[in-house]
Amino acid sequence: MSVEMMIFKPILIFINPDFYHIMMKKLILTSFVAAVTSLSAMAAEHTFDIEVSKLGAPIQPTMYGIFFEDINFGADGGLYAEMIKNRSFEFGNPLQGWRVSGNVEVRTDGCKFENNPHYLRLSYSGHKVKHTALENEGFFGVTLKKGETYRFSVWARCPEGGKSSLEVQLVDEALDRNYQCIGREAVTIEGKEWKKYEAELKCVADCPDGRLRIFLHDARNRKPSNSSQPAVTDVEHISLFPSTTWMNRPGGMRQDLAQALYDLHPGVFRFPGGCIVEGTDLEDRYQWKHTVGPVENRKYNLNRWQYEFDYRFYADYYQSYGLGFFEYFQLAEDFGAAPLPVLCCGMTCQFENDIKDEAKYHVAVEDLDPYIQDAVDLVEFANGDPETTKWGKLRAEMGHPAPFGLKYLAIGNEQWDYDQAHGHNGEANAAYTKRLKRFIDVLRVKCPDIKIIGTTGPNSEGWDFDLLQPRMKELGVDLYDEHFYRNEAWFLGKAKDKKGNLIKGCGALRYDSYDRKGPKIFAGEYACHGSGKFADGKEKKCNHFETSLYEAAFMTGIERNADIVHMATYAPLFAHVKGWQWRPDLIWFDNSRSMRSVSYYVQQLYSHYKGTNVLSCSMNKQPIAGQDGQDDLFATACYDKERNAVIVKVVNTGNVAQSVKFGWTGKKEDLKTGYKALKVITLHSDDLDADNTLDDPNHITPQTEILDPATSEFTVGAKSFQVFVFEK
Ligand code: AHR
């Protein structure tokens with residue numbers, strides 16, 4: 001037993017005897033003790049002065065949140081639990097994702113859902129053994145679980161009268177036996193009018209890569225014969241969901257993925273993008289009105305992440321909008337997060353469509369009215385009276401008469417202006433801000449309670465950022481949205497430009513010098529993107545412990561500046577291991593499993609221990625931000641009124657363990673002494689290149705220790721993130 005444990009054994013046993021034994025087990029099982037008090041001879045080299053008698057700026061409840069975009073198959077094939085790909089036959093190729101045989105025809109006449117006109121006509125093939133059948137491949141397979149019940153539904157009719165039966169099967173083609181069906185049900189179709197038919201299929205075996213197969217049978221559910229043939233049958237919107245979903249809502253979200261979001265305790269929920277909001281062409285921009293009402297009639301749309309990177313190309317990536325604006329608001333409510341929708345400002349993606357094609361790709365300022373009306377209507381959809389307003393009524397019809405309490409609206413994603421040095425033909429063009437101004441003018445009058453969020457474009461510094469930042473203040477937005485996917489040096493505050501000068505605004509000191517009288521900040525998309533390659537040649541631009549640790553270091557600056565930074569959301573959120581376009585990401589999944597990355601745990605620790613007020617925390621009167629002489633230490637402190645606790649977050653990004661002493665300063669005594677409990681949570685990995693995986697999802701997770709609350713000197717391990725919670 002180590003000297004430290006000999007000293008702590010009595011303390012731990014005193015606090016909780018069971019806990020001592022749990023702790024011992026954990027210490028034996030794990031190879032490190034990341035937070036050990038330094039009661040040994042080590043002298044404290046770093047004193048953090050924490051002013052506990054004066055509460056600093058409030059930390060907003062919205063501070064740490066989530067940003068969802070349908071990228072990496074995050075929605076269809078991901079959070080949205082639908083298992084059938086191209087369920088309404090509306091992909092560019094209406095039969096994409098389907099295998100058909102026998103007599104199957106794609107039609108659009110007499111459709112049931114005007115926004116999704118395609119349906120299939122199934123008819124007798126003309127021979128009893130030439131089966132008319134359909135088969136769907138799902139998203140990277142139809143993954144089935146033994147014992148689970150699946151909810152099948154289809155809209156169907158027999159347009160020429162008569163009856164038929166659909167033999168619906170869950171199939172495992174890899175099964176080494178004659179009969180491959182692992183779940184089945186028959187559905188009788190009758191009547192010339194479209195009707196919804198439903199069935200529950202019990203699955204008897206696990207199957208990672210199954211199929212949904214449907215045979216057209218005669219009315220008795222027998223294979224067609226010369227004497228008994230099925231009626232002609234039209235089918236549309238073929239759907240299959242597990243019965244286990246988030247909150248057990250039929251047609252809802254994947255339980256494990258929604259749970260992972262819930263477990264972050266997000267304060268704000270930004271949706272639905274991202275670049276997806278803007279569209280490559282105006283017609284495929286995100287239109288929230290296409291995503292509400294009955295799911296069957298939500299108009300399919302391309303997903304730009306289908307083709308964005310030709311080296312990660314997914315021809316079958318579309319948006320069904322089964323996860324639409326109603327569901328986003330509902331999730332925000334489930335999570336206790338403030339909903340924050342982002343709307344298209346009348347500009348398509350500027351990366352893809354240069355402003356020199358302004359007339360072709362961007363809406364003229366004088367033609368923006370419908371776009372602005374969409375914004376006004378969205379506020380009505382979220383907050384309007386359920387009986388007297390058109391959009392409030394729709395919300396009520398969809399099952400939520402109470403308002404969703406929308407308070408924030410972001411106009412545009414990563415849009416920017418041009419100055420003479422960067423405009424075409426040397427012309428400046430307030431491309432974004434001239435449009436934003438029109439939205440602001442109307443919204444301030446019609447929706448005076450809504451806080452408007454502008455954007456400072458895709459870059460955290462440079463000419464475009466420098467141009468936009470003061471314009472956000474001039475326009476009087478309430479917040480502006482900054483994005484930064486940057487490398488390790490940037491997150492550590494040591495990034496240099498091509499001339500070797502330190503990049504202004506990089507690292508944890510970024511917000512210390514910001515204008516205190518300007519709009520508030522929403523760090524709406526950020527992640528540390530590793531540069532270079534690992535020893536095995538794989539790009540470091542992927543999830544691994546080291547970059548997550550640097551995110552933790554950077555976030556000390558977010559928290560310290562809570563007077564102006566009101567929201568921060570990591571991006572992107574989700575990625576399917578077989579369908580990603582962008583990494584790193586917060587949560588990875590396949591069809592049946594999910595994994596929370598180290599970055600996830602960084603976000604979670606900040607969110608769970610965010611406190612209610614900043615406390616001044618400095619070393620030699622300087623913010624602790626990895627500055628020269630600070631030995632790679634970063635720190636921030638806060639007070640949590642609800643817990644009655646002082647919380648100190650410390651990140652050591654260096655290769656050497658550091659000794660740290662907390663010096664409680666301030667005139668009043670109330671928080672300086674008398675702590676009853678001290679909890680230390682540590683996130684650490686000896687292997688900087690490692691992260692959690694689907695096979696080993698708990699490889700690197702926060703570890704909690706209970707220490708003597710009188711302790712004020714600690715050793716913060718090399719490459720560690722620690723949260724110290726002193727409870728009164
Ligand atoms: O998060 C991925 C993309 O990064 C977002 O869609 C966009 O806003 C940013 O460029």
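In this text the structure is predicted, and so the values were computed from the model without any measurement. One-based numbering, in listed order, for ligands and for the atoms of each.
Counting only N and O atoms by type, the side chains of Y511 and E482 include a donor and acceptor under 3.5 Å apart. S548 and S599 share a donor-acceptor pair across their side chains, judged by distance under 3.5 Å alone.
For atom 10 (O) of ligand 1, the closest non-hydrogen atom of the protein is E414 OE1, 2.8 Å. In this structure, atom 6 (O) of ligand 1 lies nearest to the protein heavy atom E69 OE1, 2.5 Å. Ranking the protein heavy atoms by distance from atom 1 (O) of ligand 1 puts Y485 OH, 2.7 Å first.
Between W490 and F484, a ring centre-to-centre spacing shorter than 6.0 Å is recorded. The aromatic ring centres of Y526 and Y485 sit 6.0 Å or more apart. Taking the six-membered ring where the residue is Trp, the centroids of W305 and F313 are separated by 6.0 Å or more. In this structure, the ring of H576 has its center less than 6.0 angstrom from the ring center of F140.
Under 4.0 Å from ligand 1, the heavy atoms of W305 that appear belong solely to its side chain. Only side-chain heavy atoms of N413 come within less than 4.0 Å of ligand 1; its backbone N, CA, C and O stay farther off.
Of all atoms in ligand 1, listed by their number and element, those nearer than 4.0 Å to a heavy atom of E525 are 1 (O), 3 (C), 4 (O), 5 (C), 7 (C), 8 (O), 9 (C). Below 4.0 Å from some heavy atom of P572 lie the following atoms of ligand 1, by number and element: 1 (O).
Between G274 and ligand 1, not a single N/O pair is under 3.5 Å apart.
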